[in-house]
Number of protein chains: 2
Amino acid sequence: MTAKRVPPAQLAPQLRDAITRLNRRVRQARPVGDLTVTQLSALTSLKLAGALTPRELADIERVQPPTMTKIVAKLEERGLVQRTPHPTDGRQVILAATAGGRAVLEQFERARNEWLADRLAALTEGERDTLRRAAEILQQLARA
Amino acid sequence: MTAKRVPPAQLAPQLRDAITRLNRRVRQARPVGDLTVTQLSALTSLKLAGALTPRELADIERVQPPTMTKIVAKLEERGLVQRTPHPTDGRQVILAATAGGRAVLEQFERARNEWLADRLAALTEGERDTLRRAAEILQQLARA
DNA sequence: TCACAGTCGTTAGCTTAACTAATGAGCCTG
DNA sequence: CAGGCTCATTAGTTAAGCTAACGACTGTGA
């Protein structure tokens, strides 16, 4: 387990390929249900942030405001998101996940993790430890 | 750097979070151009495999055959993919990336890798080595 | 040998998700 | 307090996915 010198330009394509492919697989393992990937993603961001305006949520999701309007409308229809007026600015709206929204989210989370957890269980301790360290570095990269 | 025991059920959410977030970031870094993500993905798979039937390509891309028909049609319009009849089976078609398709692909690849390569360059040698080993494990997971 | 069941790719028609442009309500500054 | 800006939404378009159905072709069993 000696550390090889790894040129970034060579690691980048390999890592990217691994990530995009694994991402597809994980997405496919999503359970049947009436929530789409987009809605799920928005609801997750909302839950993590606590409360956001549509604009902020759109920025986080890298989506245009009109798109977020539609996503939020669908989530609201199902009672997963609550829309309250902004206390001081009459133009703005405050979005927050309802208790129902948070519950649905946890259910999805569990199902989505299942596939991956099964695969991880088949690895060696050493491999899992490598992935654990890698996950930390990757999260840091994504934040940057 | 001692290997900690890592329960799969705990690693799964962390790894998944890291992967989905990083995946979003990498996708956002794609250059302006008239190729969509879907088309790009299909063209990449086709280039990697060399030559495939529509059905095979649809399976790889995890898409239904009619969807692949449309994707291929658009790629063919732009001259990036060539469609030739199967030598023995009159029902089948053989798809292959043209020289132009491969050239466009390399251009996109470079631009997409750039963002990630920049970030990777800022890491330590040890961190890059961890990611290299992780990438191998992840690719194996995605294949499973 | 040839009828027929199965496969392959495609077409048709629908839903969802994204975009840009335009609109209306509300805020704030000169 | 008028005009310009921001925020959210509406309207309309395009892309991407699906299922159902079809037409061409293959290959097998009687």
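A, B, ... follow the sequence lines: proteins, then strands. Residue 1 opens every chain.
Looking at Glu127(A), its side chain does come within 3.5 Å of a backbone N or O of Thr124(A) through a donor-acceptor pair.
Nucleic acid contact for Pro54(A): sugar-phosphate only, since backbone atoms but no base atoms lie under 4.0 Å from a heavy atom of the residue. Contact annotation for Thr38(A): backbone-only contact, meaning every heavy-atom pair under 4.0 Å involves sugar-phosphate atoms and none involves a base. Using a 4.0 Å heavy-atom distance criterion, Glu56(A) is classed as making no nucleic acid contact.
For the pair Arg83(A) CZ and dC7(D) P, the interatomic distance rounds to 16 Å; values are reported in whole Å. In this structure, His86(A) places its NE2 atom 10 Å from P of dC28(C), rounding to the nearest Å. Rounded to whole angstrom, the span from the CZ atom of Arg62(B) across to the P atom of dC18(D) amounts to 12 Å. Atom CD of Gln92(B) is separated from atom C1' of dT10(C) by 14 Å (rounded to the nearest Å). Atom CD1 of Ile94(A) and atom C1' of dC7(D) are 12 Å apart (whole Å). Met68(A) has its CE atom 15 Å from the P atom of dT10(D), to the nearest Å. In this structure, Gln64(A) atom CD and dT10(D) atom C1' are separated by 15 Å, rounded to whole Å. To the nearest angstrom, P of dA18(C) lies 9 Å from CD of Glu61(A).
Each of Pro66(B) and Ile71(A) was assigned the nucleotide of DNA chain C with the nearest heavy atom; the assignment lying further toward the 5' end belongs to Pro66(B). Residue whose closest nucleotide on DNA chain C sits further toward the 5' end, between Val63(A) and Gly90(A): Val63(A).
Between Val72(A) and Arg83(A), some side-chain heavy-atom pair lies under the 4.5 Å cut-off.
Under the 4.5 Å side-chain heavy-atom criterion for Ile, Leu, Val, Met, Phe, Trp and Tyr, Val93(A) and Ile71(A) are members of the same hydrophobic cluster.
Of the side-chain N and O atoms in Lys74(A), none sit less than 4.0 angstrom from OP1 or OP2 of dT16(C). Residue Thr69(A) places at least one side-chain N or O closer than 4.0 Å to OP1 or OP2 of dT9(D). Residue Gln39(B) has a polar side-chain atom (N or O) positioned under 4.0 Å from OP1 or OP2 of dA16(D).
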How far apart are the C-alpha atoms of Glu125(B) and Arg128(B), what are their side-chain angles, what is the distance that settles it, and do they pass the salt bridge (Lys or Arg N to Asp or Glu O under 4.0 Å) test?
CA-CA 5 Å; Glu125(B) 280 290 345; Arg128(B) 275 199 292 278; 3.2 Å; yes
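Listed nucleotides dA8(D), dG12(D), dA15(D) differ in distance to Lys70(A); the shortest reach to its side chain belongs to dG12(D). Comparing atom distances between the Asp89(A) side chain and each of dC27(C), dA18(C), dT20(C) picks out dC27(C) as nearest.
Using a cutoff of 4.0 Å between basic side-chain nitrogens and carboxylate oxygens, Arg132(B) and Glu136(B) are scored as salt-bridged.
A donor-acceptor contact under 3.5 angstrom links the side-chain atoms of Arg91(B) to the base of dT7(C).
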